[in-house]
Every structure is written in structure tokens, then in C-alpha cells.
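Working notes for the structure below.
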There are 2 protein chains.
Amino acid sequence: MHEDGVEQRWSIGEVSRRTGITVRTLYHYDEIGLVRPQERTASGHRRYTASDVRRLYRVRALRRFGLSLEEIAAALVRSPDDLAPLRDLFTAQLAEFEVYAARAARLSEQLRGLIRQLDAAVMPDPDQFLQTLEMMSVYENYFSEEQRELLARRQAEVGEEAVTATKTEWLELVRAFKQHVEDGTPVDDPQVRELAARWQALTVPYAIDPRTDERISAATAALWRDHQDEISTRVSSQVAWLAPGDLPKIMEYVERARQAG
Amino acid sequence: MHEDGVEQRWSIGEVSRRTGITVRTLYHYDEIGLVRPQERTASGHRRYTASDVRRLYRVRALRRFGLSLEEIAAALVRSPDDLAPLRDLFTAQLAEFEVYAARAARLSEQLRGLIRQLDAAVMPDPDQFLQTLEMMSVYENYFSEEQRELLARRQAEVGEEAVTATKTEWLELVRAFKQHVEDGTPVDDPQVRELAARWQALTVPYAIDPRTDERISAATAALWRDHQDEISTRVSSQVAWLAPGDLPKIMEYVERARQAG
DNA sequence: GTACGGCCTCCCGCCACGGGAGGTGCAAGC
DNA sequence: GCTTGCACCTCCCGTGGCGGGAGGCCGTAC
């Protein structure tokens, strides 16, 4: 490439300036054997050749796409003959980006929701907001990411209004059940049976497929089993007519009513 | 919350099962003081209280949004009274997600382009593809991220066809200049002047604003100055009528022609 | 008495470097 | 020949958020 035919060598500082890679990083690449200058001076100074520098550019380009140094090393070993491994790496990385993007989009959506809540200033108690956070975390403990996504999609499909309507009807049912609990109505009473049927029907719009529904139902039961105290506290703090200890009793009654039906 | 009024305590294993946080992580949170169980047994076993567990749920929820443990610690110290810092954290995180998503989208687009190139199978030489990678890296060294994005947007605006047309005309101009270089035409020849004018006009569709254009032009000159060998090799490998050593001479001639004009 | 599981602390490892300490190499200026 | 100053060298600690293992203690069930 140069007229005199003498292969040029560069010191580590010159290479750093040419490639925009820090000297420290060049040391690191040398150390792990990723890009090793072909020569050293008698005193041990590194001398990079043109091909070393080209390799550095390749590494830098691949790094930008988020590939690990290990992946890059493996790709650069084999790729002179065969670009297939590189292609595989690219497609894998592309898939990863898409997964990340999807996750980031979901989290962003949730964050926007939380910020809206904070800005609404209807928050009576900071503690209540933190409880919301806690329950989000609990929720995620019982449902897999896939299940959560399915449910979220389902909720988006049925629409916000329908979801609110479901919540409202659920509260009505709770109130009605509460009355029956207090009155000591037997669980096989026709009225109670009808309430239980309506209770069951609440989940219908959110059904996905039998297998999934079964699992979600089991997860929900487990969540309730392990966290009825927190849930009861939260719900009763939002409706005046419900005491913290009421909900477990009501739920137990509902369960018996369903078994009877 | 519990009828007997006795505050419940949990061992680290029970807490791990309840919260889905690994025991190792619980140790870690204790170590850095993020969540520290309020009690220890005589033998040193950790006893978590209900409030410790609630704090863990909060931490877990905030972690999901990508907040660092340090940020979470800071937020949880102040938030019982004031949710403003938490709101700030959320908006900051949201902004970060957006930046990240934008970057991921750009990289994905580039990856798709590279994969298309690989699949096109017009690739005569694997080395040529790796050279493309090298030049991408070089390119990024001279143009800031902002400049690259502006240019990319501009290119998208003028359309792929127009970009191809520009490349074609550029090659034609190079070929014409090559002839003049070989003929020894003086740089103030009217024909050469016209070619120089057309050369100048090539960049017009991609202009952004005078300041930016000035900087991009300077960066381009620096890129050419530092990497004319590589660029010449690449270009001459793609057109039959150009030898590797031609382009620098031609560019020098063009430069003199522009100065003369 | 012993087997087992849960818990403890201490410590090394990851990944891709950043940064500092403390020493050497080399060329220029006096 | 001596100093100045810069580039370069190696060695080593630190980052974040844990994972995982070693080696030992505790308590209970058989």
C-alpha cells in the first residue's frame, strides 16, 4: 500500500488516536489475546501492524452491535473463510434487541402509568403508592412473564372501561357476599348460588385458553393464599364499608359457595 | 394484621420463598445495608419482620424498572414523606429507556442491512464484508452520533434511488477527472471547472444547515486524509477502471480544481 | 448419637474495562 | 552529560449485582 514497500508500524498511542480506542482498552485486548500486536520493540513497546489495526476496526464495529469480546474473538477466528457464524451472531443479536425493546416498551408503559398516578395527586398517602409497588412485585412473583403479557394484552383488548366495569361488579359482589356472611345465609341458598355464578362469570372476558386459564387460576389462588393479609388491607383501605379482616372471611364463604354449586 | 398481635418473623429461607429473591441476594442487600433484617437470633440467624419483607417487595419492584440499588436506597430513604424523588427517578429512567430504544432501533436497522448483504450472496470475498465493517467503524470515528443520525435521516428523506444516483454520478465524475489527470489538463480548464462544479453540487441534497455542513465537510476531509489508502483500495476493488493508487491523485487534482474555481 | 438440612461468614469470579502507582525508554534541549 | 518530559510498561484494585463454593455452626428428627 505504501510506495517504499516497508510495512508500517504504530505505537500504542498512535493506534489509539487512529482507532479511537483507549490505550487501556488496547492493553486489555492484548491481555485477553483478542488483538495482539505482532511485534514488540527490544524494550517491550508494542508495535501494531496494518493488519492489527484492521482487526481492531473489525472488533470495534462488532462491539457496537453489543457482541461480547468472546463472541467477537470466535467470529474473527473463523470468519476469514466463512461468514456464516457472523451471520448467526447478527441474527441472534437482532433477536435479543427485539426482546429488549419489547421489555423496555412494557416497562416504559408501566412507568408512564406510575407517573400518571403520582401526578394525579389523588394519592392520599405516599405509603399507599409504595404498597402499589409492593403488590406489583408480588404479582410478578406468581405469574410468569408470558402470563403477564397475555393478561395485559387481553386487558387492552377488552378495553379500559370494561376492566373498570369488572372491578365495580366485583366490589358489588363482595358487598353482597359480605351481607350474606353476616346474615349467616347457607352457601347453597339460591341467591348465593346466583352470586357465585356471577363471580365465576367475571373472569370470562379475560379467558385465554383452558390450559392457560387453569394455570392463571392456580397462581391467583396461591397469591391469595400467601398474601391475603396485604390484599385485604389494600382493598379495605379503598372502600369504606370493608374492614381489613372481612375479605378473608368473605373469600372463604365464596369458596364454599362455589364448591356447593 | 395477625389476630394474636405477636409480630411474625421469618428466616432468610422463608423470605426467599415468599419474595422470590434468592438467599444470596438477600445476603447482598444486608451487606450493603439496603435491606437489613431488624433482628438476629442468639446464634446469628437473620429474622425478617413484616416491614423488612415489605421493603424487599419495594426494592424488587424498583429494580424491575432498571434502577440501581443505590438509587433505590436513596429513594426509599426519603420517599415515606415525599414521592417527588421517586417521580424524578421514574421520568429519568423513562428517558433512558427511550434513548436505549432509539439506539437499539438504529443498530437493529444496521444489523438487518448487514444480514441482507450477507444473504444477497453477491459477496465475492468474505474479506470485503469485513472491510465494510472496518469502514463503518472508521466512519463512526469521525462523525458524532448526532451527525450520523442527521445524515441517515437526510439519506432516508432523499430516498434510496437518489442516493444511488449520487453514487453513480460521483463515479462518473471520478472517471472524467481521471481522464483529465492522465491528459494533464490544467485545473483551470473550463471543462474541469464544470466538473468541479458538478462535484460540489453532489452534496447539495444532503445539506442540513451551514454550521453542520461545515463540520461534516471537515470531518470528511479528515477521514480522507487519514484513510485514503483503505478507501482507495475499497473503491478500486469495486470498479474495474480504477487502480488502487489512482484515487489519491484524482482527489488531489479535484482539490486543486476547486481551489482554482 | 448421628444424619441432614438450613444458616453463617469469607472469598473468588464475572465483564469490559478505568484509573492509579511505580518504574522504564527515549528524544530533545541545556 | 544531565535534566525534563512524555510515552510506554506491568501490576493491581475497583466497578455492579450478584453466583457459587468452601468450611463451619445450629437445631431437629430419627
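A, B, ... follow the sequence lines: proteins, then strands. Residue 1 opens every chain.
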Please check if the side chain of B:R60 supplies one atom and the backbone of A:V138 the other of a donor-acceptor pair under 3.5 Å. no
Check: B:D229 main-chain N/O paired with B:T233 side-chain donor or acceptor under 3.5 Å: yes
Under the 3.5 angstrom rule, does the side chain of B:R47 hit a backbone N or O of B:R40 as a donor-acceptor pair? no
What is the nucleic acid contact for B:S68, judged by heavy atoms within less than 4.0 Å: base, sugar-phosphate only, or nothing? sugar-phosphate
With the side chain defined as heavy atoms from C-beta on, A:Y29 is closest, among C:dT9, D:dG20, C:dC17, to C:dC17
With heavy atoms under 4.0 Å as the rule, sort A:R40 into base, sugar-phosphate or nothing. sugar-phosphate
In terms of side-chain heavy atoms of B:H28, which of C:dC17, D:dG17, D:dG19 is nearest? D:dG17
Residue B:R24, side-chain heavy atoms: nucleotide from D:dC12, C:dT9, D:dG20 that is nearest: D:dG20
A:H45 has a side chain; which of C:dC17, D:dC26, D:dC9 sits nearest to it? D:dC9
Return the nearest nucleotide to the side chain of A:S43; candidates are C:dA16, C:dC26, D:dC18. C:dC26
Roughly how far apart are A:N141 CG and B:Y57 OH, rounded to 0.5 Å? 5.5 Å
For A:R63 and B:Y27, take the nucleotide of DNA chain C holding the closest heavy atom to each; which residue's nucleotide lies nearer the 5' end? B:Y27
